[in-house]
Each structure stands twice: as C-alpha cells, then as structure tokens.
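This chain uses plain numbering: 1 for the first residue, then up along the sequence. Being a predicted model, the structure only gives us computed values, none of them experimental.
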Amino acid sequence: MTSLDLTPPAALDEPTRRVPAGWIASFATIWFAIWMAQLTPVQLLLPAQIDATLHPENWVDSVVAFGVISGIAAIATIIAYPLTGAASDRTTSRFGRRRPWIVIGAVLFAASLAALGLQTDIWGIGAAWVAASVGFCIMTAALTATISDQVPVGQRGFVSGWMSAPQAVGIIVGLLLVTELVTDQALGYVVLGVVLLVLAVPFLLRHDQPLAAAERTRVTAKGVIASLWISPRKYPDFGWTLLSRVLVSVGNALGTSLLLYFLMFGLGDDNAEDDLIILTLVYMVFVVGASLFGGRLSDRLGRRKAFVFVASTLQAVAALLLALVPDLSVAIVAAGILGLGYGCFLSVDQALATQVLPDAASRGKDLGIMNIATAVPQAIAPLIGAAAVVLTGSFVLVFVLSAVFAFAGAIAVSRVRSVR
C-alpha cells in the first residue's frame, strides 16, 4: 500500500472506502436515539399532553390543536433544514463539518424536550415542540450528509437501512419506556433527552474529515438564499426524487400520526394506549426487516426505483385497508404491510437521494432540502388529518388520502432517469 493510499480523502471527494461495522453500529445507535426522542412524543406524549391540557368537550378540538402545533413546527423545519445543512457544508472546524452541528442539534433537542414536559398551557407546549423540532432538524441534517461524505455508493442502501430500521425500534422502546417504566410525563420527556445525548456519543467520537479553508465557499446571505432553490428543469431527477419523498412521507404520516386518536375515538378502544404499542410492535418488525433486506438487495442489484415504487404501493394498500375496514385486527395486518412498505422505502429512497445530488460541495444543504420532504410531512400530516376529521367526522378520509399520496409518490419516482 502506498502513502497515497493512506492519505485521508478530502472532504469533498466522492467516498470509495467502505465504512466498517463499528461506524455503522454507532450510526445506527444515534439514529435509534433520535427516532425515540422524536417519535415517542409524536405518537403518544404530545397528543396525550394536549388532550389533558385542553380537556375539550369535543375530542375533535384535541386533534385540531395537535395538527396546528405540528403545522407550525413544519414551518420551522422548512427553514431550519436547508439553512443548517448549508452552514455545515461551510464549517471548517478542526472537529469536522458535521460533528459540531450534531452536538448543537442534540443539546437543543434534549433541552427542548425537558422544557416541553414542564409546560401547562397550549402556547408553551407549542413553543417547546417547535424548538425541539428545530434541534431535530439541525442534528439530522448533519447526520444524513455523512452518508454522502463517507459512504460509497455501493454501500449506501445497506447503511441507509441502518438509518431507517432504528426508527421502528425507537418508537416501541420509547413507548414502553414512557408507559411502563417512567409513567410521569414530565420525567418521560427528560429521560428521552438524556438517552439522546448519551447514545450520540459513540458516533461523535468517529472521525469527520475537516473542510480545508480553500474548499470553503464564500458565505453571503444572498448566496445562501439563492442556493436553496434547485431548479427541477436543470436537475429533474433531484426534483422527482424530492416530490416522491414528499408524497410518500405525507401518506405514511397520515397513516400513523393519528393512530392514538383513531383507536380512542374511531374504534372506541378502551385500551388504546396498549393496543397502540401492539400496532407499533408489528410495524416495527416489518420496518426493520424491510429496511435492512431491501437496502442490501438494492445495493447488490444496483437498482433503486423499482424498490421505491413497490414500497410506495404497499403503503397505499395498507392505508386503504384502514379506510375500508376499521377494525383492530385489520389494523394489525395493515400495520405490518405499512411497515414492510415504509421500511423498504426509507432505506432505498435515502440511497437514491444521495445519487441525484447536484453538487458535492453542497451535500449538507441539498440533503437538508431532501430531509424537508421527510420531516415536514410528519409535522403537517396531523393538520391535514385533522381537517379531514373535521370535514367528515370520521377517520375514513384520513386513510384514503394516505393511500392517494403514497401511490402518487410511486408514480413520481418512476420519472427518475439517471438511477436504475
């Protein structure tokens, strides 16, 4: 091996060295903590806290309040993701481009969760959740950019699977944590934040190649704002991938974000919280399996689009089952199908996204824009779902819309040309 072989690649070089198992393990661990800290509040703590705070005469008011808070958080997400991604692209810290922002995001995220648990009015709940969402964005914008920075194309499907598989595990562990071990809501939020900080450490100890001063692009407010627009005419595959992710993510979020309310008010389930854990457990098993198997198989076959198309279609089928047959046993089957589709989608679509980026120098910003397509739907879908419930007085339209969005996303990804 020559001395040239031992020289670390420059920050903007396309990675060619496979990342080792230790790197993947620490990457999966930090994502597990992130998903637990973000999705446990979305699935249970936040809607329950809002309902307990409002004590509404009509349960629809709780759904609407949850939707409005999520919608405001979505606006903050749209701003935070590309701006912090662009900032990490230009960071010349000796600790690397991404690590400082992962730390900043983790601290803000954890502190906001702790503050959220102390809120006793709806305005305080909303403000704390928006701050937590911004911390989530800062942290994940930097983390997803490390895939393009350090993982070769032939390994990205598998590595992306370890970004998505912990999502389902994080939800179920988080739900068990705050319902079985830590029953005090305020303390539950604190525990989620502490776990987030502790489990972030192994990945933060990994090397992050610093950006040389000569590689840093000049920062101007006008330049940053202008860079946030990526022309779909000039980069059509980026545009179609982005659109597909928006549509599928909205569909998935519509199918999952109101599940607690669906069980409580749609099915009249007296054991809604326990049954939510069962549904989430089924969802988790299929998400984990589909993420890892689908991601690795797409690497071996060198194909991405077919996997994303099938995964999106499966999610549409699951949503239609929930719409047409509102029954707990059917919901369990639908949870499995939804997990199968979304797990495969998460890993393969992330790999696809890294292959349609316009410029190596702006990976963080471009993936930040791509991440909007995942995070914003999670925040805005409850608002869309709440509107559907208000209009119809039931959850049928919510799940029909979920199916429509998911299938539309399958059609959009079929238009990508540069990736098989």
Side-chain angles (χ1 to χ4, degrees), residues 33-56 59-77 108-137 139-140 167 170-179 182-196 249 252-265 272-273 276-277 279-280 283 374-387 389 395 398:
I34 288 169
W35 292 130
M36 183 169 63
Q38 200 254 352
L39 295 176
T40 304
V42 169
Q43 290 289 100
L44 178 61
L45 291 180
L46 189 58
Q49 184 180 13
I50 290 170
D51 191 63
T53 300
L54 292 180
H55 294 293
W59 59 267
V60 173
D61 293 341
S62 281
V63 180
V64 171
F66 179 54
V68 169
I69 289 173
S70 298
I72 295 171
I75 295 172
T77 296
L108 176 59
F109 195 1
S112 300
L113 287 175
L116 180 58
L118 300 176
Q119 303 309 307
T120 56
D121 65 81
I122 200 67
W123 297 103
I125 292 171
W129 181 244
V130 169
S133 298
V134 171
F136 168 82
C137 290
M139 196 175 181
T140 55
Q167 181 178 126
I171 296 174
I172 194 67
V173 172
L175 289 175
L176 289 172
L177 184 66
V178 300
T179 57
V182 184
T183 55
D184 180 77
Q185 186 180 72
L187 183 58
Y189 278 120
V190 171
V191 170
L192 291 174
V194 170
V195 171
L196 174 71
S249 296
N252 181 265
L254 280 170
T256 59
S257 62
L258 298 181
L259 272 180
L260 179 62
Y261 289 128
F262 171 65
L263 294 173
M264 291 170 62
F265 307 119
E273 290 192 5
L276 177 64
I277 292 175
L279 288 176
T280 306
Y283 177 78
T374 301
V376 169
Q378 292 287 345
I380 205 169
L383 185 59
I384 298 172
V389 170
F395 291 85
V398 175

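- Here Ile384 contributes atom CD1 and Ser70 contributes atom OG; the two are 11.0 Å apart, rounded to the nearest 0.5 Å.
- Pairing each heavy atom of Ile122 with each of Thr53, the nearest pair is N-CG2, 4.1 Å.
- Rounding to the nearest 0.5 Å gives a distance of 10.0 Å between CD1 of Ile50 and CH2 of Trp129.
- Take Phe262 and apply the ring-ring contact (aromatic ring centres under 6.0 Å, His included) test, not counting sequence neighbours, and it matches Phe395, Phe399.
- Counting all heavy atoms, side chain and backbone alike, Tyr283 lies closest to Gln167 at OH-OE1, 4.1 Å.
- Across all their heavy atoms, Pro47 and Gln43 have their closest contact at CG-O, 3.9 Å.
- With values rounded to the nearest 0.5 angstrom, Asp61 atom CG is found 10.0 Å from Asp51 atom CG.
- Each of Thr40, Thr280, Leu279 was evaluated against Ile172; a single residue qualifies, Thr280, per the side chain to side chain contact (heavy atoms under 4.5 Å, CB included) test.
- Partner of Leu45 under the side chain to side chain contact (heavy atoms under 4.5 Å, CB included) criterion, chosen from Leu116, Leu175, Val178: Val178.
- Here the closest heavy-atom approach between residue Gln185 and residue Ala48 is recorded as NE2-C, 4.3 Å.
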(request) Report the C-alpha distance between Gln38 and Thr140 in whole Å, list the side-chain angles of each, state the deciding distance to 0.1 Å, and finish with yes or no for side-chain contact (heavy atoms from CB on, under 4.5 Å). (result) CA-CA 11 Å; Gln38 200 254 352; Thr140 55; over 6 Å; no
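- The CD1 atom of Ile171 lies 4.5 Å from the CG atom of Leu39; values are rounded to the nearest 0.5 Å.
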(message) side-chain contact (heavy atoms from CB on, under 4.5 Å) for Phe66 and Leu258? Distances and angles first, verdict last.
(response) CA-CA 10 Å; Phe66 179 54; Leu258 298 181; 4.1 Å; yes
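- Here the closest non-hydrogen pair linking Val130 and Ala76 is CG1-CB, 3.8 Å.
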(message) One pair to check against side-chain contact (heavy atoms from CB on, under 4.5 Å): Met36 and Leu196. What are the steps and the verdict?
(response) CA-CA 8 Å; Met36 183 169 63; Leu196 174 71; over 6 Å; no
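- Side-chain atoms of Tyr189 and Gln49 include a donor-acceptor pair closer than 3.5 Å.
- Closest approach of Ser112 and Ala131 over heavy atoms only: OG-CB, 3.3 Å.
- Residues Val182 and Val190 form no side-chain contact, since every pair of their non-hydrogen atoms from C-beta on lies 4.5 Å or further apart.
- The shortest distance between side-chain heavy atoms of Ile125 and Leu46 falls below 4.5 Å.
- Distance check, rounded to the nearest 0.5 Å: CG of Asp121 to CG of Leu54 gives 10.0 Å.
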(request) Evaluate the side-chain contact (heavy atoms from CB on, under 4.5 Å) criterion for residues Leu192 and Leu177: first the C-alpha distance (whole Å), next the side-chain angles of each, then the deciding distance (0.1 Å), finally the verdict. (result) CA-CA 9 Å; Leu192 291 174; Leu177 184 66; 4.2 Å; yes
